Amino acid sequence: MREVRHQASLKDQRVGFVPTMGALHEGHLSLVRQARKENDLVYVSIFVNPTQFGEGEDFDRYPKPLERDLELLRKEKVDVVFTPSTLYGPGHGTYVTVEGSPSVEGSSRPDHFKGVATVVSKLFNIIQPTNAYFGQKDGIQCITIKRMVREMDFPLTVRIVPTLRESDGLAMSSRNTFLGPQGSPEREAAVILNEALLAGRWAFKDAEEQGKTITAGGMKKIVELVVAMEPLAELLYVSAACMDTGAELPEDGVCRKETTMISIAARVGQTRLIDNFIVGDEGW
Ligand code: PAF
């Protein structure tokens, strides 16, 4: 890998990097296409990272359709696909922790972001990208990685690409396959996440038009009420967080345009789903 990357450096080529855990869908491909527009070469990694899965999470059943993934990447003319069998040697004991962002998502999955930050920094060190691409759907992950890059002086730019959605609004995710086909009860129920966030968006727009503000507590209540209408969905949390640090706003904190991210996690059957929107929505 180092030799391949060295050759690109010799030619002064910009490398756009898309880290993935495979089971690719259109959302991943939109990252690849964005990387293609902004770089000379596109590198993709496929590695289901064990350190970011907590106990009882779906590491063992995480889909691994490698041949299909490689075919999709071939069609996108990706230059390099990095598929390590492991990135952790025996006795591995070095981890990266991004501290000081007590987000709800972070507290609900204590070791998840440590695993993400660790594997992403290893991948950055191996690939040495010019630009790295992440999907907005994993909102707190985006905030965590941006902070890590900023605070650890990684010499690269993090690019966040808007979430791609199915026609009914469900955010694209590799985990959606667990919900069953379109029309099945869990697949239908999953749409409630987007509907709840839409209610939050409208509430903010309405308040703004009337020259009013909306608090984190008020916003969460609206989102919670919508999710409660779907019996197959169990709400895990709603969060209103600062986009810069990931820190949770106090209940009476004001949701601010382009600096507050509202995110949601819910379980539909056995499947844990997440989604988010940026208040006022101009993106990162
Ligand atoms: O978003 C993902 O697929 C993963 O968290 C990532 C960034 C590839 C790290 O394993």
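Computed from a predicted structure; not experimentally measured. In listed order, ligands and their atoms are each counted from 1. Numbers here are sequence positions counted from 1.
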Can you tell me which residue and heavy atom of the protein come closest to atom 10 (O) of ligand 1, and the distance to 0.1 Å? Q52 OE1, 2.6 Å
Fit a plane to each ring of H25 and H28, take the angle between them on a 0 to 90° scale, and name the class: parallel (under 30°), tilted (30 to 60°) or perpendicular (over 60°). tilted
Note: T20, heavy atoms under 4.0 Å from ligand 1, region reported as backbone
Is the CE atom of M1 crowded by more than 12 outside heavy atoms at less than 6.0 Å? yes
Can K221 and E251 be counted as an ion pair, charged N to O under 4.0 angstrom? no
Contact atoms of ligand 1, heavy-atom distance to V119 under 4.0 Å: 9 (C), 10 (O)
Could you tell me how the ring of F124 sits relative to the ring of F17: parallel (under 30°), tilted (30 to 60°) or perpendicular (over 60°)? perpendicular
Which option out of Q141, M21, K122 puts a heavy atom nearest to atom 5 (O) of ligand 1? Q141
